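One structure below.
As the structure is a prediction and not an experimental result, all values here were calculated from the model.
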Amino acid sequence: KQEVTQIPAALSVPEGENLVLNCSFTDSAIYNLQWFRQDPGKGLTSLLLIQSSQREQTSGRLNASLDKSSGRSTLYIAASQPGDSATYLCAVQGSQGNLIFGKGTKLSVKP
Amino acid sequence: GAVVSQHPSRVICKSGTSVKIECRSLDFQATTMFWYRQFPKQSLMLMATSNEGSKATYEQGVEKDKFLINHASLTLSTLTVTSAHPEDSSFYICSARGSTSSSYEQYFGPGTRLTVT
């Protein structure tokens, strides 16, 4: 059974800092891995999707990497801003098409 | 493109009543829709997967007679919580995947906050 773990559970950084969020999964047989952002009481915003054949994806200040063989992904946020404060969720998609989510990392960027 | 809406965004109901939540794909045809539930400070847990025109597939531990899912068209799926109880209070999120989505990407709705009193 696929399990997704995110470390740390919470992170507080000063504005401008670069940071890394970690995601690990137990079964490397995945179709893709996605990073989402969730603001309090809101739905999900897709940030980056990495296909199983890819190593990384970039969008603006965000860079996500995938090492399928070791079951790891990282989300790198450069020059963090207070507006980046949110919960970041990692999810892997298996053969059935369903997404399995981690519990998220709650990020707080202090001005 | 790829917008998914949910209605209502927030609902409060009394224990024992039924509540219907709608999930619509606004600009694409969703052959598959997924329903997730999220309890406070927990991650999203898949409840069921529905394909247009066929019965939903429920995850282990999810009561199919309590959470009725109908995916009658390529743009609409509904989740009905029957005889709701306070423990059903949660954040319900749907997602949709189109027939042309080669990457299997799912597009998420904004969620529905259900409070059962």
Whether over 12 other heavy atoms sit under 6.0 Å from [X] [atom1]:
| X | atom1 | result |
| --- | --- | --- |
| H7(B) | NE2 | no |
| K20(B) | NZ | no |
| R61(A) | CZ | yes |
| R72(A) | CZ | no |

Original post:
Among the clusters formed by ILVMFWY side chains lying less than 4.5 Å apart, do F91(B) and Y36(B) turn up in the same one?
Top reply: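 Hydrophobic grouping puts F91(B) with Y36(B).
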Subject >> Connected via hydrophobic side-chain network under 4.5 Å: I100(A) and F25(A) >> reply: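 I100(A) clusters together with F25(A).
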Original post:
For chain B, which residues from residues 101-111 of chain A lie under 4.5 Å away (heavy-atom distances)?
Top reply: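 F101(A), G102(A), K103(A) fall under the 4.5 Å cut-off.
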**OP:** Select all residues of residues 82-90 of chain A having any heavy atom within less than 4.5 Å of some heavy atom of chain B, and report them by number, or 'none'.
**Re:**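 L89(A), listed by number.
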Original post:
Where does L46(B) contact chain A at under 4.5 Å (heavy atoms): side chain, backbone, both or neither?
Top reply: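 When you check distances to chain A, only side chain atoms of L46(B) fall under 4.5 Å.
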Original post:
What part of Q6(B) is in contact with chain A, defined as an atom under 4.5 angstrom from a non-hydrogen atom: side chain, backbone, both or neither?
Top reply: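 The answer is neither part of Q6(B).
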Subject >> Interatomic distance, N98(A) atom CG to T57(B) atom OG1 [nearest 0.5 angstrom] >> reply: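 If I round to the nearest 0.5 Å, the distance is 10.5 Å.
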**OP:** Under the side-chain hydrogen bond (donor to acceptor under 3.5 Å, both in side chains) rule, what do Q34(A) and Q106(B) come out as? Steps first, then yes or no, please.
**Re:** CA-CA 10 Å; Q34(A) 240 175 313; Q106(B) 296 177 26; over 6 Å; no
Subject >> Segment of L99(A) engaging chain B (4.5 angstrom heavy-atom cut-off) >> reply: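 Both backbone and side chain.
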Subject >> For chain B, the option from A9(A), A91(A), G43(A), G41(A) that forms the most heavy-atom pairs under 4.5 Å >> reply: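 Top option by heavy-atom pairs under 4.5 Å: G43(A).
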**OP:** Any chance you could lay out the side-chain contact (heavy atoms from CB on, under 4.5 Å) test for I93(B) and Q38(A), step after step, and finish with the verdict?
**Re:** CA-CA 12 Å; I93(B) 305 179; Q38(A) 185 176 31; 4.1 Å; yes
